[in-house]
Amino acid sequence: VLIILLHAKSGATYNIGSDIPVQVSELANRVAANFSPQPTVMLNTALAKINDRAHLLPDITAAKNEFQINLFTDLELSIDRTLAWFKQIY
C-alpha cells in the first residue's frame with residue numbers, strides 16, 4: 001500500500017485486494033466465525049436490489065503491472081490481523 005501511496009499517478013485508482021475470487025457469503029461467514037456468540041449472516045436484505053453480486057473479484061491488474069506487487073497475505077491472515085487491530089482500538 002505504501003508503494004502505491006508514494007508512487008501512484010495523481011488521481012489514479014487501484015484495486016489492491018486479491019485476485020482470488022471469494023463469495024460474499026463465505027467472506028461474511030469467515031469473519032463472523034471469529035466472534036462469540038457468532039452473529040447470523042444475512043445477505044440481500046436491502047429493499048432495493050442495487051447490486052446482486054454473489055462474488056467479489058477486484059481487478060488488480062493495474063497495481064500488479066505498475067508496481068510489481070503480488071499477494072503475500074492470505075485471506076485468513078488478513079481477517080485475523082484486521083480483527084486484532086479492531087480489538088486493540090475498540
Side-chain angles (χ1 to χ4, degrees):
V1 174
L2 186 57
I3 290 172
I4 294 174
L5 288 172
L6 292 173
H7 301 289
K9 298 172 195 161
S10 180
T13 303
Y14 300 93
N15 280 319
I16 57 170
S18 168
D19 56 358
I20 300 171
V22 62
Q23 289 188 350
V24 174
S25 59
E26 177 190 350
L27 179 59
N29 283 314
R30 282 183 172 189
V31 172
N34 289 279
F35 293 91
S36 182
Q38 184 171 335
T40 301
V41 173
M42 299 174 62
L43 301 172
N44 296 324
T45 60
L47 296 176
K49 301 291 185 203
I50 296 170
N51 187 347
D52 241 359
R53 293 185 192 172
H55 292 82
L56 299 175
L57 181 58
D59 182 359
I60 62 169
T61 305
K64 279 180 137 180
N65 291 342
E66 289 184 42
F67 306 106
Q68 290 76 46
I69 61 170
N70 292 303
L71 176 67
F72 62 88
T73 306
D74 67 14
L75 181 58
E76 237 14 85
L77 183 56
S78 297
I79 292 170
D80 290 346
R81 287 181 176 175
T82 301
L83 292 173
W85 169 83
F86 180 83
K87 289 174 184 176
Q88 282 183 336
I89 302 299
Y90 299 101

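FYI, the numbering just counts along the sequence from 1.
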Heavy-atom pair of closest approach, residues [X] and [Y]:
X	Y	answer
Tyr14	Ala62	CD2-CB, 4.0 Å
Ser78	Thr82	O-OG1, 2.8 Å
Ala32	Pro39	O-CD, 3.5 Å
Arg30	Leu75	NH1-CD2, 2.7 Å

Just wondering, do [Y] and [X] contact through their side chains at under 4.5 Å, heavy atoms?
X	Y	value
Asn15	Thr61	no
Val41	Leu43	yes
Ile69	Ile4	yes
Glu66	His7	no
Leu83	Phe35	yes
Lys64	Asp19	yes

(request) Check the pair Thr73 / Arg81 against side chain to side chain contact (heavy atoms under 4.5 Å, CB included), numbers first and verdict last. (result) CA-CA 10 Å; Thr73 306; Arg81 287 181 176 175; 4.0 Å; yes
(message) Checking Ile20 against Asp74 for the side chain to side chain contact (heavy atoms under 4.5 Å, CB included) test, could you report, in this order, the C-alpha distance in whole Å, the side-chain angles of both residues, the deciding distance, and whether it holds?
(response) CA-CA 10 Å; Ile20 300 171; Asp74 67 14; over 6 Å; no
(message) Evaluate Ile16 against Val1 for side chain to side chain contact (heavy atoms under 4.5 Å, CB included), listing each step before the verdict.
(response) CA-CA 7 Å; Ile16 57 170; Val1 174; 3.4 Å; yes
(request) Indicate, with yes or no, if Ile79 and Leu77 share a hydrophobic cluster defined by side-chain heavy-atom contacts under 4.5 Å among Ile, Leu, Val, Met, Phe, Trp and Tyr. (result) no
(message) Please determine whether residues Leu5 and Phe67 belong to a single hydrophobic cluster, defined as Ile, Leu, Val, Met, Phe, Trp and Tyr linked transitively by side-chain heavy-atom distances below 4.5 Å.
(response) yes
